[in-house]
Amino acid sequence: MPQFTTMQRIEKILKDLVAQAALQHWNINLEEEHIQVQKTRREFEGDFTVVVFPLLRYSKQNPEQTGKFLGSYLVGSSDLIEAFNVIKGFLNLVVAQQYWKDQLDGPLCSHDYGMILPGADAPTVMIEYSSPNTNKPLHLGHIRNNLLGHSVSSILKATGKHVEQVNLVNDRGIHICKSMLAWQKNGNGEDPVSSGMKGDHLVGKYYVRYDQIYKSQVQTLVEKGMPKKEAEAEAEVLKEAREMLRRWEAEDPEVRKLWETMNSWVYAGFELTYKRLGISFDKTYYESETYKLGKELVLKGLNKGVLYQKEDGSIWANLEEEGLDHKLLLRSDGTSVYMTQDVGTAHQRYEESVFDSHIYVVGNEQNYHFQVLTIVLKKLGYAWADKLYHLNYGMVELPEGKMKSREGTVVDADELMDEMEDTARQMSEELGKLEDFTEEEKSRIYRQVGMGALKYFILKVDPKKNMTFDPRESVDFNGNTGSFIQYTYARIRSVLRKGAEKHKGTSQEVLNEKEIALIRIMYDFPEILVEAARTLNPSLLANFLYELAKEFNQFYHDHSILSAETEGQISQRLLLIESAGNIIESGMELLGIEVPERM
RNA sequence: GGCUCCAUAGUUCAAGGGAUAGAAUAGCGGUUUCCUAAACCGUAGAUACAGGUUCGAGUCCUGUUGGAGCUACCA
């Protein structure tokens, strides 16, 4: 009979025991994945539940009999199982208190509980996110992208992967020419210093200006009797922008100089926004350096006969076999399109660093693009095409509908962050808990709380789903929010400071129901992390931390820590809440959220 | 037109094919001489519709309705 120790995961122990019972009594070799063990629902007695329905075909007995048989078997085979009950087809098992005590005394209080350190042979994951255009500042949609990319990167690192975070800046193209052109026309030499504007906002201002000029020109043409479609193609300023792009591609020194200048303003602005969001990259690629990549690969593909050329010279991939359309890969003038470039950058990155997987954090409106990218790479003969993964996330919408830059309903990233911190400040001042703090300490806390609320609000939603961003709701600091979790942490730290001398770091006393409930939740942390990493889904972690915080607050409300009955109990509770604090801290860090000592 | 995704309390989100569908918020009603009330407790409220598969369906399949995205020699 195998020996089990309290250091093993209990789910594994239960599955092994069930499999053992099946082998001995039903003469059947049960695969582990066919044994269902889940957490017992609150309303029933027990810690873990074996679902017996799937086992009936082997036991040849009814659910009740099968459950009872397995229950007695488990209780008889291991000291870790104390009792059981069977309700319908569910076998509920009570785990011995010693098991929970040993968790608390052992792994739970470790600062890196649940983390997996990357070994020498850790897989390399490359992750591309953010990918901004340089013609306007970042908005709410970018925030979701950046927060997701950063959090997923952190979660992958925490589960033993080697992660390379990369950014691909879209720094060239007609859009930036439009900003440049409008600045030339109306800028009067204005720059970030003279205007006092953040560089990305300044350039964005001229992008808007361009659109105004363009619209009025179209309007004028229409008034002169030109059909609207034609006018939209004939507007003078559009032709000028195209001409500027042509000169840019011809490396015209004057255009290049202006381009470099205005881009440098934007980068300085982005840098501030990134810093504020707390994100950074291992490597930044610029499209101006990569946009010609892929052309050779496409030509090679043409030679191999996996692509075809039309009479006008353009090169295409036929994707009909895959149930899709035909896709252009090189224009008739020989220039690249976005797809060509992505084929090229993927190839380049694989050459630079042989990754085990490559994640693109890009909105779901580009699902088709990435589907095609993988197929084209496979056609070109690259087996690693299967290692590309498109982490597609849903749109962020406002209560009144989609964000539209033309209608000015876009939520600007910088303004939003200002607003969040400002609301945090107002809220805090009303509560008046930080009055003895210095201004620096206060503003640090306002920043932590404001940013925490924003980040949590976005990350708690399943990335795949579209989400509604209600500004009023996002600055709410009550309920299922980042602030709630931060507040819980601050409470824990406060008690720990006051009880430092009584903290012996051991668990000797009998645990009550609330204490066990808290341990049970904390015990799930490693599995939540692994699952969040597997599914690239930080919302699992966010919702877990909320559950943990809620459970702690109940415990805190019902039981005094520092005035517990015995010294041993005080010490044990301090150990318990320290563990909870550690998990909250490290979990929040994986979401990119700081936790304050006080608030 | 074709392809893909989505539809859960008034609202915003949860629910690895498993028990009586959970939270938050808004509403109503409570809790503080006591470790931070940014907290805690109680109350009420939902699976778009119609079939099917299954011992069991919010979850899988088909259809209907409603919404979003994609379907550029744009990125």
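The model shown is predicted, which means the values in this text are computed figures rather than measured ones. A note on names: the letters A, B, ... follow the listed sequences, proteins ahead of strands, and every chain is numbered from 1.
In this structure, A:Tyr487 has its ring center no closer than 6.0 Å to that of A:Phe477. Aromatic rings of A:Trp248 and A:Tyr291 (six-membered ring for Trp) have centroids within the 6.0 Å cut-off, being under it.
Whole-Å rounding puts the A:Arg42 CZ to B:A15 P distance at 17 Å. Spacing between atom CD of A:Glu320 and atom C1' of B:G2 amounts to 13 Å, rounded to whole angstrom units. In this structure, NZ of A:Lys178 is placed 12 Å from P of B:C74, rounded to the nearest angstrom. Between the NE2 atom of A:His34 and the C1' atom of B:G16 there is a distance of 15 Å, given to the nearest Å. In this entry the distance linking CD of A:Glu32 with P of B:G16 reads 20 Å, nearest Å. One interatomic measurement links the two molecules: CD of A:Glu551 to P of B:A23, which rounds to 12 Å at whole-angstrom precision. Atoms CE (A:Met395) and C1' (B:C70) sit 11 Å apart, rounded to a whole Å. In this structure, A:Tyr58 places its OH atom 15 Å from C1' of B:C55, rounding to the nearest Å.
Checked for salt-bridge contact, A:Arg425 and A:Glu421 miss the test: no charged N lies under 4.0 Å from a carboxylate O. Classification of A:Arg472 and A:Asp470 as a salt-bridged pair holds, one side-chain N sitting under 4.0 Å from a carboxylate O. A salt bridge does not link A:Arg444 to A:Glu441: none of the charged nitrogens lies less than 4.0 Å from a carboxylate oxygen. A:Lys229 has no carboxylate O lying under 4.0 Å from a charged side-chain N of A:Glu232, or vice versa, which leaves the two without a salt bridge. Here A:Glu249 pairs with A:Arg172 in a salt bridge; the nearest charged N to carboxylate O distance falls below 4.0 Å.
Ranking B:A75, B:U71, B:U36 by closeness to the A:Asp325 side chain, first place goes to B:U71. When each of B:A23, B:C35, B:G18 is scored by its nearest atom to the side-chain atoms of A:Ile561, the top-ranked nucleotide is B:C35. Comparing B:A75, B:G18, B:A68 by their closest approach to the side chain of A:His369 singles out B:A75. For A:Lys88, taking side-chain heavy atoms from C-beta onward, the closest of the listed nucleotides B:A75, B:G69, B:A19 is B:A19. Set against B:G18, B:A75, B:U20, the side chain of A:Asn170 has B:A75 as its closest nucleotide.
Within the structure, every side-chain polar atom (N or O) of A:Arg497 is placed at least 4.0 Å from both OP1 and OP2 of B:U36. When the side-chain nitrogen and oxygen atoms of A:Ser494 are compared with OP1 and OP2 of B:U36, one or more of them lie within a distance under 4.0 Å.
By the 5.5 angstrom centroid cut-off and the 30-degree plane limit, A:Phe53 is classified as stacked against the base of B:G18.
As judged by a 4.0 angstrom heavy-atom cut-off over every strand, A:Asn537 is placed among residues making no nucleic acid contact. Among the atoms of the strands shown, none is found under 4.0 Å from any heavy atom of A:Pro399. A:Lys464 comes within 4.0 angstrom of no nucleic acid atom, judged by non-hydrogen atoms across all strands. Within 4.0 Å of A:Val86, counting heavy atoms only, lies no atom of the nucleic acid at all. A:Gln341 comes within 4.0 angstrom of no nucleic acid atom, judged by non-hydrogen atoms across all strands. Within 4.0 Å of A:His326, counting heavy atoms only, lies no atom of the nucleic acid at all. Across all strands, A:Gln36 comes closer than 4.0 Å to base atoms (heavy-atom distances).
Contact of the A:Met339 side chain with the A:His369 side chain is registered, since non-hydrogen atoms from C-beta on lie closer than 4.5 Å.
Taking a pair to require two hydrogen-bonding distances under 3.5 Å in either a Watson-Crick or a G-U wobble arrangement, B:A26 remains unpaired. Using Watson-Crick or G-U wobble geometry with both donor-acceptor distances under 3.5 Å, B:C60 finds its partner in B:G52. Under the Watson-Crick or G-U wobble criterion, with both distances below 3.5 Å, B:A68 is paired with B:U4. Using N1 to N3 plus N6-O4 or O6-N4 for Watson-Crick, or N1-O2 and O6-N3 for G-U wobble, each under 3.5 Å, B:U20 pairs with nothing.
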* To do: Between protein and nucleotides 7-14 of chain B, map the contacts as a letter string: B base, S sugar-phosphate only, - none, heavy atoms under 4.0 Å, written 5' to 3'.
  => -----SSS
* Heavy-atom protein contacts under 4.0 Å, nucleotides 38-43 of chain B, coded B base, S sugar-phosphate only, - none -> BSSS--
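In this structure, A:Ser579 contributes its side chain and A:Leu575 its backbone to a donor-acceptor pair below 3.5 Å.
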* Given the rule in the side chain to side chain contact (heavy atoms under 4.5 Å, CB included) test, do A:Arg573 and A:Asn512 qualify, once you have shown the distances and angles that lead to the verdict? -> CA-CA 11 Å; A:Arg573 287 183 179 169; A:Asn512 70 33; 3.3 Å; yes
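A donor-acceptor contact under 3.5 Å links the side chain of A:Asn92 to the base of B:A19.
By the salt bridge (Lys or Arg N to Asp or Glu O under 4.0 Å) test, A:Glu473 pairs with no residue at all, sequence neighbours left out.
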